[in-house]
Protein chains: 2
Amino acid sequence: MQNSLKNIFPNFSNELISTIEENGSLQDFETGTILMRTGQYIKNTVLITKGKIKIYREGEDGGEFLMYYLQPGQACAISMICTAKSEKSQIMAKVVEDVTVMMIPLQMMDKWMMEHRTWYEFVIDTYRSRFEEVLEVVDNIAFRSMDERLEFYLKRHSDTCGCQEVNLSHQEIASELNTSREVVSRLLKKMEQRGLVKLNRNQIELLK
Amino acid sequence: MQNSLKNIFPNFSNELISTIEENGSLQDFETGTILMRTGQYIKNTVLITKGKIKIYREGEDGGEFLMYYLQPGQACAISMICTAKSEKSQIMAKVVEDVTVMMIPLQMMDKWMMEHRTWYEFVIDTYRSRFEEVLEVVDNIAFRSMDERLEFYLKRHSDTCGCQEVNLSHQEIASELNTSREVVSRLLKKMEQRGLVKLNRNQIELLK
DNA sequence: AACGCACAGTAACATTTATCACAGAAGATT
DNA sequence: AATCTTCTGTGATAAATGTTACTGTGCGTT
């Protein structure tokens, strides 16, 4: 166990790993579980050790506008920021691949910042990388048109999962980009004509 | 001096105030100065004691897409995040009202986090509030149409400056919302017809 | 085989936003 | 006063995106 946590968070010191194991609790959640809801108070800092979590903003119409994904070795920046003041969450977090997470009581957050250099660095780095990711989202919606955003979206998918197939329906993609299915279908068809993708049912193959 | 810094940052402990005065340097910058540029390395953490700084993202066409403003008592979250790893900035920072800022060498950042509880809290709170502000920006561009965004923009202006007048040209507003002047003119005209604003040259009065 | 259902393609149309073209109004400069 | 510049207003048009409506297709269930 010590070993596996160390593998997933290689930068953590051994003492920190032990401390986490003493104070945190490992929990499993199934795909579809909503771990955090807009307006909800946050009671734990969350480290992901397995699976994948989607962080998104919910539109009035139920759209799930994608901010970013959390994967093993990462942590929820929002939960860190908010726990520090026990604030309300401003986003939604949904499990998209069965996860195992380490739940850490909020009091530990501050304490460890002072006691564990590697925790401090991890937290700062988490803030930085998530902030950057959100800035990139802003860039995309502010400056790019839908076809560019769609291409970017698909590229990001294949980058994070390491494969060339995106197994999502047009409807799901539309929801994450806050547009309609028809638009996604149209744009994908154009991309297919340009030879960038091959379209199958519930699957998009990236060719280039 | 000790007194004034304490007034602007009331939560800072007296020891922290003294430490800041020993290690930081006060600097003035005129309106129009660009304090930070996309891609530039960051060497200081910046505390604002006077004036106003605009944080924005630059479009290819030179647009200045507004993220948020920094005012006295606040700090640049980006500079804090990036200094910690001496990373490149992802944004632009421009003085929009002559400022006085306290520049703090990046080495202090980490050191004080451990030594000064009030600094730690300030930094965490800065992260949190800026993150939230950026999330709100995402909300606006993702889910709202231009007329709503314009109303929100004007409201935010009057909230932060405390007055009912916005002294900007339509062109400047258009740039910050990444749209064109014509669109802003038209939408403002509609708002005037609805009795929400009164339009003067280089000034918009908010009526409600 | 027949049916139901989620997914995908597409045409027609509506709406929003961007762009172009031009004109007038308010200040600033000479 | 005459001239210039910047800011604002507005019509015409184009382009992108959203909406409606309908069709077809693959797949699982009965």
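Throughout, a chain's letter reflects where its sequence line sits, starting with A, and its residues are numbered from 1.
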**Request:** State, to 0.1 Å, how close B:L150 and B:I173 come at their nearest heavy-atom pair, and which atoms those are.
**Result:** CD1-CG2, 3.8 Å
**Item:** For B:T31, all residues meeting side chain to side chain donor-acceptor pair (under 3.5 Å), sequence neighbours excluded
**Value:** B:D98
**Item:** Boundaries of the DNA chain C segment in contact with chain A, non-hydrogen, under 4.0 Å
**Value:** C:dA6 to C:dA12
**Message:** Over the length of the helix from C:dA1-D:dT30 to C:dT30-D:dA1, how much do the five-pair end axes diverge, rounded to 10 degrees?
**Reply:** 20°
**Item:** Spacing of A:D147 atom CG relative to D:dG18 atom P, expressed in whole Å
**Value:** 12 Å
**Request:** Could you tell me whether the side chains of B:Y120 and A:D110 share a donor-acceptor contact shorter than 3.5 Å?
**Result:** yes
**Message:** Rounded to whole Å, please give me the gap between CZ in A:R144 and P in D:dA16.
**Reply:** 16 Å
**Request:** Have a look at B:L199 and say if it touches a base, only the backbone sugar-phosphate, or nothing, with a 4.0 Å heavy-atom cut-off.
**Result:** sugar-phosphate
**Message:** Can you give me the closest heavy-atom contact between B:V46 and B:S79, atom names plus distance?
**Reply:** N-OG, 3.4 Å
**Item:** Residues which pass side chain to side chain donor-acceptor pair (under 3.5 Å) with B:R149, listed by chain and number, not counting sequence neighbours
**Value:** none
**Item:** More than 12 heavy atoms from other groups under 6.0 Å of CD on B:E30
**Value:** no
**Request:** Using side chain to side chain contact (heavy atoms under 4.5 Å, CB included) as the criterion, list what pairs up with B:E97, not counting sequence neighbours.
**Result:** B:K52
**Request:** Answer yes or no on whether A:R144 is positioned over the face of A:F152, meaning its NZ or CZ is under 6.0 Å from the six-membered ring centre and within 45° of the axis.
**Result:** no
For residues 187-201 of chain B, please give each side-chain donor-acceptor pair under 3.5 Å, one per line with the distance, not counting sequence neighbours.
from   : atom 1 : to     : atom 2 : distance (Å)
B:K189 : NZ     : B:E192 : OE1    : 2.8
B:E192 : OE2    : B:L199 : N      : 3.1
B:R194 : NH2    : B:E151 : OE2    : 2.7
B:K198 : NZ     : B:N200 : OD1    : 3.2
B:N200 : ND2    : B:Q203 : OE1    : 3.0
B:N200 : ND2    : B:E205 : OE2    : 3.1

Atom pairs under 3.5 Å, N or O on each side, protein against nucleotides 3-6 of chain D: can you list them with distances?
from  : atom 1 : to     : atom 2 : distance (Å)
D:dT6 : O2     : B:R201 : NH2    : 2.8

**Asked** Residues two or more places apart in sequence or in another chain: which of them pass ring-ring contact (aromatic ring centres under 6.0 Å, His included) with A:Y56?
**Response** none
**Request:** Please list, by residue number, the residues of residues 173-187 of chain B whose heavy atoms come closer than 4.0 Å to an atom of DNA chain C; answer none if no residue qualifies.
**Result:** B:N178, B:T179, B:S180, B:E182, B:V183, B:R186
**Message:** Checking A:N23 now: which residues fulfil side chain to side chain contact (heavy atoms under 4.5 Å, CB included) with it, not counting sequence neighbours?
**Reply:** A:T19, A:M108, A:W112
**Message:** Could you tell me how far apart A:M146 (CE) and D:dA15 (P) are, to the nearest whole angstrom?
**Reply:** 19 Å
**Asked** B:N200 has an atom CG; how far is it from atom P of D:dG9, in whole Å?
**Response** 10 Å
**Asked** Expressed in angstrom and rounded to an integer, what is the separation of A:L150 atom CG from D:dT17 atom P?
**Response** 11 Å
**Asked** What pairs with B:E136 under side chain to side chain donor-acceptor pair (under 3.5 Å), at least two apart in sequence or on another chain?
**Response** none
**Item:** Sequence-distant partners of B:Y69, ring-ring contact (aromatic ring centres under 6.0 Å, His included), two or more places apart
**Value:** B:H157
